[in-house]
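What follows is a set of notes on a single structure, which appears directly below.
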Amino acid sequence: FGIVRTMYKNQYHDQMPRIGAPFDTILLEDLEIAPDYKFYIFMDTFYVTERQRAVIEKKVKRNGNTALWLFGAGYVTDKGLSDAAMKELTGIDIAAYDGGGKMRMTLCDAEHPITRGVMPGIQFETADETGPLFYSRDKDARILGMTNVVPCTNSEGVFKSGSETMPGFVVKEMDNWHSVWCAVPNIPPALLRNMAKEAGVHIYSDGDDVVYANRFIVSVTARYGGERTIKLPKPCMVVDAFTGEVVSEKTGSFNADLKQYETKIWRLEY
């Protein structure tokens with residue numbers, strides 16, 4: 001899958017590598033010439049030109065693809081700040097409101113494939129205060145999580161209470177594609193992994209490990225110690241790249257026992 005990126009350090013460096021699948025990072029201006037993917041993550045696309053919007057319409061919104069939008073995607077335009085521009089880009093009715101603070105997301109729907117298997121009520125939040133803030137007012141979107149604002153002062157110095165709770169994590173079925181929007185740009189790997197699975201992305205490891213893979217190798221760095229089941233896109237011979245030991249003559253998956261923070265690399269031979 002591909003990440004269209006320009007910011008968001010925590011999301012990109014801490015969460016993305018632990019999805020369990022390799023990913024490409026793409027500048028928005030290069031999206032037109034990038035390969036086709038099943039799952040696109042638009043990390044901080046606040047400003048999207050008309051040409052870039054046209055590319056997204058043609059390249060992303062088709063073939064059952066999934067697009068994940070974070071925070072104020074499409075909010076900045078040449079004519080000013082626009083709620084309508086966010087809806088045009090994401091297909092979801094998103095609104096900005098005057099406020100600032102740290103945003104905390106609480107999952108409220110454990111039945112959807114994106115949240116299934118993730119602990120109900122799990123929370124995640126931003127590390128820093130920010131503003132303006134955004135919420136979904138789309139009656140046709142399914143609410144997966146609610147956003148609560150941690151008290152702080154806004155840009156005008158006006159104190160905002162933390163009582164506002166609004167839809168901040170939603171999914172909407174579009175014509176031939178799926179749109180997901182999250183107001184808190186620090187989504188845990190388990191949720192990202194579920195989105196990728198639903199989009200048809202092959203997941204090598206479910207263990208929140210750092211995974212790098214291509215046609216010829218798989219590399220896993222363990223977040224915690226224990227046995228893993230590594231799933232391959234198709235059966236092949238698996239060889240330990242460090243020792244030369246044949247792990248399996250032909251397999252679609254194999255088990256590996258890893259110590260915490262240990263890295264193992266396997267060659268894939270077809």
Side-chain angles (χ1 to χ4, degrees), residues 4-12 15 28 40-50 52-53 56 67-109 112 114-115 120-174 178-188 191-192 195:
V4 183
R5 172 185 182 263
T6 60
M7 194 175 83
Y8 293 147
K9 177 174 68 74
N10 289 345
Q11 182 74 87
Y12 184 76
Q15 314 297 359
L28 186 56
Y40 295 83
I41 301 177
F42 293 86
M43 293 191 65
D44 59 350
T45 46
F46 304 111
Y47 174 69
V48 185
T49 67
E50 290 301 318
Q52 290 166 345
R53 287 173 180 265
I56 291 170
L68 168 62
W69 319 88
L70 299 180
F71 199 55
Y75 185 51
V76 181
T77 74
D78 292 329
K79 298 179 181 179
L81 307 178
S82 171
D83 291 353
M86 289 192 287
K87 182 177 181 180
E88 179 187 18
L89 179 65
T90 67
I92 297 171
D93 191 3
I94 304 165
Y97 75 98
D98 184 27
K102 293 182 180 180
M103 298 175 291
R104 178 181 296 129
M105 181 71 66
T106 303
L107 297 186
C108 62
D109 182 346
H112 193 275
I114 289 176
T115 54
I122 190 173
Q123 295 182 334
F124 54 97
E125 62 184 38
T126 55
D128 303 308
E129 296 181 0
T130 188
L133 305 178
F134 301 90
Y135 68 99
S136 169
R137 57 188 179 189
D138 197 317
K139 296 180 180 180
D140 295 322
R142 181 163 172 172
I143 301 172
L144 304 180
M146 301 293 289
T147 304
N148 179 259
V149 182
V150 180
C152 74
T153 56
N154 67 10
S155 57
E156 282 73 39
V158 179
F159 186 78
K160 297 288 291 185
S161 73
S163 61
E164 296 93 348
T165 300
M166 296 160 291
F169 186 23
V170 300
V171 58
K172 188 175 182 180
E173 301 302 314
M174 312 298 291
H178 313 280
S179 187
V180 185
W181 173 75
C182 187
V184 180
N186 195 23
I187 303 174
L191 291 172
L192 295 169
M195 291 182 216

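Starting from 1, each residue takes its place in the sequence as its number. What's counted below: heavy atoms across the whole structure, side chains too, no hydrogens, waters or symmetry copies. Model, not experiment: these values are computed from the prediction.
- In Lys87, the NZ atom is not crowded: 12 or fewer heavy atoms of neighbouring residues, nucleotides or ligands sit closer than 6.0 Å.
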Open item on the list: Does Asp78 form a side chain to side chain contact (heavy atoms under 4.5 Å, CB included) with Tyr47? I'd like the steps, not just the answer.
Closed with: CA-CA 9 Å; Asp78 292 329; Tyr47 174 69; 2.7 Å; yes
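- A perpendicular orientation is assigned to the rings of Phe134 and Tyr75, their planes being inclined by more than 60° (bins at 30° and 60°).
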Open item on the list: Quick one, Thr106 with Ile122, criterion side chain to side chain contact (heavy atoms under 4.5 Å, CB included). Give me CA distance, side-chain angles, the key distance, then yes/no.
Closed with: CA-CA 6 Å; Thr106 303; Ile122 190 173; over 6 Å; no
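- Ile187 and Leu192 make their closest contact through O-CD1, 3.5 Å (heavy atoms, listed as atom of the first residue, atom of the second, distance).
- Between the Asp138 side chain and the Asp93 main chain, a donor and an acceptor come within less than 3.5 Å of each other.
- The two residues Met146 and Cys108 have their closest heavy-atom pair at CG-SG, 4.0 Å.
- Between Thr90 and Ala73, the closest heavy-atom pair is CG2-CB, 4.2 Å.
- Using modelled atom types, no side-chain atom of Arg137 and backbone atom of Ile94 make a donor-acceptor pair closer than 3.5 Å.
- Counting all heavy atoms, side chain and backbone alike, Ser136 lies closest to Trp181 at N-CZ3, 3.6 Å.
- Under a 3.5 Å cut-off, the side chain of Lys172 and the backbone N or O of Val180 do not form any donor-acceptor pair.
- In terms of heavy-atom proximity, Gly74 sits nearest to Val48 at CA-CG2, 4.4 Å.
- With rounding to the nearest 0.5 angstrom, the NE2 atom of His178 is 13.5 Å from the CG atom of Leu68.
- Nearest heavy atoms, His112 versus Asp109: N-OD1, 3.4 Å.
- Side-chain N/O atoms of Trp69 and Ser179 include a donor and acceptor closer than 3.5 Å.
- A distance-only check finds a donor-acceptor pair linking the side chain of Asn186 to the backbone of Glu125 [under 3.5 Å].
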